[in-house]
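Below: one structure, written as structure tokens.
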Amino acid sequence: MSPFQMKFTSIMMEMTVEEKKIIKRLDKCDFTEIHKYFVDKNEARKALPKEEKQKLKEEADRLQEEFGYCILDGHREKIGNFKTEPPGLFRGRGDHPKMGMLKKRIMPEDVIINCSRDSKIPEPPPGHKWKEVRFDNTVTWLASWTENIQNSIKYIMLNPSSKLKGEKDWQKYEVARRLKGVVDKIRFQYRFDWKSREMRKRQRAVALYFIDKLALRAGNEKEEGETADTVGCCSLRVEHIQLHHELDGQEHVVEFDFLGKDCIRYYNKVPVEKPVFKNLQLFMENKDPGDDLFDRLNTSTLNKHLQDLMDGLTAKVFRTYNASITLQEQLKALTSAEDNIAAKILSYNRANRAVAILCNHQRATPKTFEKSMQNLQTKIDAKKEQLAMAKQELKRAKADAKARKDVKSKSNVDKKKKLLAKLEEQLMKLCTQATDKEENKQVALGTSKLNYLDPRISVAWCKKFGVPVEKIYNKTQREKFAWAIDMADEEFEF
DNA sequence: CGAAAGACTTGGAAAAATTTTT
DNA sequence: AAAAATTTTTCCAAGTCTTTCG
């Protein structure tokens, strides 16, 4: 049974009286034919002749050109998502209570346009009207509508390459850099608060320790039954941790096991400082598994406290700070100036990976992983064979040169030496690739690279070690991080 | 004040595009 | 030139945090 056959009430509601006469139970329906119809349609599109595909692409480009840009403060800026989302079945992630509900088509009558008073106001499609046209320059969105599944607002906003988003991004990292200046004090403070007479403070201090040490998310409370059951730091429940006085030779170990954002599992066994352990025991006393671990704490009181410690400080700043500082430290520790470019890039990826692991950015093992690993191994074996051959040839050439002592045979030795060196370098590169791939099997690097790592750290590293920025950031990423590429020299320090 | 609404950032998977291999 | 592998882009949410409302 497909996941969607679980939840059909919203579809039943959309059916006409006539349809309801024919279809009484959706779970008894056979959908294989309609499924096949869409699969075939997809195939047909793929099999289209070249010219037809070209035409389709041109049409898409035309749409992008006409609707994909706006003028902000006199500059033409790219829009991130310039189309509304099409109707369809809501999937959601993990065990979502609303899975399979019908997502309705967005009509012009649902859409609010936000633009300048003196701009050319976009025309609604013929025969339609916008819900509203407003001129609010205190917000950044260009259009919005309310989506019918969660009843939340969706927005049309600018692309990350825009000046507006770039400046916001820069600000974000500047806040994180300010945290660097006060983090020692804050750490001292929360250690002190572990002993507070007030339970409220103790919980806050332990939670903050987790957020800082383990890069947990804040964990806002969620409306039950509206979304999948996931948690962050403040919303952890007793059932999500287990205490071990001693485990695998370590003392005071906390075993975390819970579903975080997007239902990604967080599993970790962490030795903690003794007062934390004692406090956790206290927090768990006389509670059921389903009870809140931090019953005297929520994200808004935590953030209020953080605001008092530093202007602009919130829980997520710790994630940004710890991610960026980790990248910087790891790059420093792993990079050697005398390495070749491939080895330096491996070092970069490893530093990036350390951050992704800290932030728990996981991915499913790619479907083709095993095979592609095997292919790589085959290449390595072939290269090794070539190398062995080249070694023999060099040996022979040397013997030959020794016997004949002429110019020609000497230059032949040089040639063989060069070949050998080239093959060795190629083998090294392949092995490096294999290592990188294996270590990256279940780690997703993209999110940290895009959202947590101050791009100036990477740019400075590139400049310092002579690695072209294109090796680290692709075109889109370079556009997003244009501000940093512009700004950072090799001396930049986070 | 707490709850709801609003605005904006962060997230992995799937689709599409591009590159490499056969 | 087709197929396979890899990289990039799109998709569609799901979080965080701020503002507004009752």
TODO: Hey, which sits more toward the 5' end of DNA chain B by its nearest nucleotide, A:Lys480 or A:Arg363?
DONE: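 This one resolves to A:Lys480.
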Base, sugar-phosphate, or nothing for [X], non-hydrogen atoms under 4.0 angstrom?
X        : result
A:Asn375 : sugar-phosphate
A:Lys316 : sugar-phosphate
A:Gly232 : nothing
A:Ala315 : sugar-phosphate
A:Pro86  : sugar-phosphate
A:Ser144 : nothing

Given [options], which nucleotide is nearest the side-chain atoms of [X]?
X        : options                : result
A:Lys367 : B:dG12, C:dC12, B:dA14 : B:dA14
A:Glu85  : B:dT9, C:dC12, B:dT10  : C:dC12
A:Met157 : B:dC8, B:dA13, C:dT16  : B:dC8
A:Trp141 : B:dT21, B:dA7, B:dG11  : B:dA7
A:Lys154 : B:dC8, C:dA13, C:dC17  : C:dA13

- [ ] May I ask you to verify whether the side chain of A:Lys475 and the base of C:dT8 hold a donor-acceptor pair under 3.5 Å?
- [x]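 There is none.
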Open item on the list: Please verify the inter-ring angle class for A:Phe210 with A:Phe256; under 30° counts as parallel, over 60° as perpendicular, anything in between as tilted.
Closed with: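 If you compare the ring of A:Phe210 with that of A:Phe256, the planes turn out perpendicular.
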Open item on the list: Centre-to-centre under 6.0 Å for A:His240 and A:Tyr266, is that the case here?
Closed with: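 No, too far apart.
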Open item on the list: Once side-chain contact (heavy atoms from CB on, under 4.5 Å) is applied, do any residues pair with A:Thr476, and if so which ones, sequence neighbours excluded?
Closed with: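 side-chain contact (heavy atoms from CB on, under 4.5 Å) check on A:Thr476 returns A:Asn474.
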- [ ] Ignoring backbone atoms, establish whether A:Thr314 has a side-chain N or O less than 4.0 Å from OP1 or OP2 of C:dC17.
- [x]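 Yes, within the criterion.
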Open item on the list: Check for me whether A:Arg478 meets the cation-pi criterion with A:Tyr473, that is, NZ or CZ under 6.0 Å from the six-membered ring centre and within 45 degrees of the ring axis.
Closed with: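 Ring-cation test returns no.
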Open item on the list: For A:Thr84 and A:Trp145, which I'm curious about, is there any donor-acceptor pair between the side chains at under 3.5 Å?
Closed with: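 There is no such pair (donor and acceptor under 3.5 Å, judged by atom type) between the side chains of A:Thr84 and A:Trp145.
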Task: Spacing of A:Asn298 atom CG relative to C:dT18 atom C1', expressed in whole Å - done: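 Result: 15 Å.
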